[in-house]
Q: 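Here's a structure for you.
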Number of protein chains: 2
Amino acid sequence: MGLRERKRRATSRSIQRAVLELSRDKGLDNVTVDEISRRADVSPRTFFNYFSSKESAVLGESPFSLKSADVQTFIAAGPGQPIFDGLLVIMRSMAETDDHDLEMHQLRKMVVRDYPHLLVQRITSMHEFELELTGAIEERLVTDARQGASGTEIPDQAVISERARLIAMVSIATMRHAWARWAAAAETQSMSTLLTHSFRELQTLL
Amino acid sequence: MGLRERKRRATSRSIQRAVLELSRDKGLDNVTVDEISRRADVSPRTFFNYFSSKESAVLGESPFSLKSADVQTFIAAGPGQPIFDGLLVIMRSMAETDDHDLEMHQLRKMVVRDYPHLLVQRITSMHEFELELTGAIEERLVTDARQGASGTEIPDQAVISERARLIAMVSIATMRHAWARWAAAAETQSMSTLLTHSFRELQTLL
DNA sequence: TCACATTCTTGCGGTGTCTGCAACAATTGA
DNA sequence: TCAATTGTTGCAGACACCGCAAGAATGTGA
């Protein structure tokens with residue numbers, strides 16, 4: 001990792017730390033980009049080279065993308081495994097790729113607790129992720145249908161698409177539930193545990 | 001209804017019509033508040049007296065609030081009725097209170113189709129509604145538990161709260177699914193039908 | 001070490017959103 | 001018709017965000 005890359009990360013971290021500390025002290029609404037930049041020792045223009053808004057600086061990059069290995073496993077898990085179990089595995093795997101900076105993690109939690117719309121916004125911006133997930137689920141459903149009891153009809157493609165979309169939305173809602181608990185909890189619980197809990201709860205509903 | 005009130009509605013309508021037509025013609029991103037105001041024949045300052053942003057002008061007011069009669073029915077529907085059936089009834093009732101202006105309805109659909117994040121934003125910004133709904137579900141769960149088989153344990157309040165939150169999130173996700181289908185469909189299908197469809201689909205998942 | 005390409009930072013100027021304020025106009029109610 | 005209420009508007013200003021181009025820092029190859 002070259003010097004350039006290291007500096008880039010340092011700057012990004014510095015900006016995030018600045019916005020988080022300022023938000024903790026005076027509330028995100030009362031913090032301006034100028035202020036953040038001043039504290040982070042960069043120009044306001046540079047701030048926008050790193051983040052597209054104050055909000056995204058609070059939440060960090062968070063590359064919500066599925067690992068293709070996970071997706072393959074999920075699709076192949078066959079009709080035997082309940083589909084939500086498979087989705088839980090995927091989401092736990094995503095959560096593992098978590099921030100290992102405990103201090104910022106805690107700061108972020110405090111800010112998110114005061115500004116819940118941040119989480120909402122983040123979820124909103126996951127449209128792309130939702131599409132990816134829907135695609136994966138769709139493939140899984142098709143695979144399942146082919147391997148199903150030979151007597152059963154293979155549903156129409158349109159029906160499968162709709163179902164996949166609904167499953168994606170429901171599991172994202174469940175992920176959101178786990179996130180909300182994470183932000184609300186005083187002690188730091190692992191995202192993995194919370195996800196498992198929420199998905200188990202989901203199973204009991206259906 | 002006095003003159004004042006009538007004028008107010010006319011202005012609101014005029015602004016909405018302006019933003020919708022301009023969005024259709026050149027895309028919401030390329031439309032400024034100045035332009036909207038000019039076309040609606042109000043000052044830009046007045047625009048912000050009516051709507052807090054371009055986006056909310058596109059979607060209109062949409063007072064997402066539960067009717068207390070519906071809520072009472074839902075809570076009392078007892079352990080016999082599946083809870084998601086009760087929620088479907090509530091949401092259908094909300095959808096009835098729909099916009100009866102067909103033309104704007106269609107325009108809105110077109111804009112939403114081009115800018116899906118609008119719907120997502122609206123739905124996720126329903127935090128207040130989500131809380132209301134969670135509260136109702138919580139009461140229902142408590143009522144159900146009391147009337148349940150006497151042998152079964154009444155769950156902890158915290159457990160019930162979490163479950164209620166999850167149910168609320170999942171049903172909102174389902175409502176979103178129905179909405180997305182509404183926006184995607186070429187022909188105008190009634191929201192009520194779409195909701196029924198999505199909830200039925202949900203039942204099959206669980 | 002030197003030249004050159006790549007990438008990053010920064011200042012500048014500009015557009016657009018959104019708000020508070022105070023003057024003025026329209027509506028209402030008595 | 002008078003006074004209270006409510007609505008509209010212009011103005012000034014804070015702030016977010018973006019394109020551009022100059023210059024600084026870093027990377028690369030000889």
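Computed from heavy atoms alone, side chains included, the values below leave out hydrogens, waters and symmetry copies. First the proteins, then the strands, lettered A, B, ... as listed; each starts at 1. Note that the structure is a prediction, hence the values are computed from the model and not measured.
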Q: For the pair made of CD1 in Ile36(B) and C1' in dG16(C), what is the distance, rounded to whole Å?
A: 12 Å
Q: Could you label the plane-to-plane angle of the Tyr115(A) and His117(A) rings as parallel, tilted or perpendicular, counting under 30° as parallel and over 60° as perpendicular?
A: perpendicular
Q: Are Arg8(A) and Tyr50(A) in a cation-pi setup, meaning NZ or CZ lies under 6.0 angstrom from the ring centre and within 45 degrees of the ring axis?
A: yes
Q: To the nearest angstrom, how far is Asp34(B) atom CG from dT17(C) atom P?
A: 7 Å
Q: Please state how far atom CE in Met1(A) lies from atom P in dG27(D), giving the value in whole angstrom units.
A: 11 Å
Q: Does the gap between the ring centers of His105(B) and Trp182(B) come in under 6.0 Å?
A: yes
Q: From CZ of Arg38(B) over to C1' of dG16(C), roughly how many Å is that when rounded to an integer?
A: 13 Å
Q: Which whole-number value in Å describes the distance from Leu22(A) CG to dC15(D) C1'?
A: 16 Å
Q: Taking NZ, NE, NH1 and NH2 as the nitrogens, is one of them in Arg17(A) or Glu21(A) under 4.0 Å from a carboxylate oxygen of the other?
A: yes
Q: Can you tell which of Arg181(B), His177(B), Gln189(B) makes a side-chain hydrogen bond (donor to acceptor under 3.5 Å, both in side chains) with His197(B)?
A: Arg181(B)
Q: Send over the distance from Asp29(B) CG to dC17(D) C1', rounded to a whole Å.
A: 14 Å
Q: Check if the side chain of Arg4(A) and the base of dT7(C) share a donor-acceptor pair of N or O atoms closer than 3.5 Å.
A: yes
Q: Among residues 45-60 of chain B, which contact DNA chain C at a heavy-atom distance under 4.0 Å?
A: Arg45(B), Phe48(B), Ser52(B), Ser53(B), Lys54(B)
Q: Atom CG of Leu3(B) to atom C1' of dT5(D): distance rounded to whole Å?
A: 14 Å
Q: Which comes earlier along DNA chain C counting from the 5' end, the contact point of Thr11(A) or that of Gly2(B), where each point is its nearest nucleotide?
A: Thr11(A)
Q: Would you mind telling me which residue lines up with the more 5' stretch of DNA chain C, Pro44(B) or Lys7(A), judged by nearest nucleotide?
A: Lys7(A)
Q: Using 4.0 Å as the upper bound for N to carboxylate O, is an ion pair formed by Asp101(A) and Arg13(A)?
A: yes
Q: In whole Å, what is the span from the CG atom of Asn30(B) to the P atom of dT15(C)?
A: 16 Å
Q: To the nearest 0.5 angstrom, please state how far the CD1 atom of Ile90(A) sits from the CZ atom of Phe84(A).
A: 12.5 Å
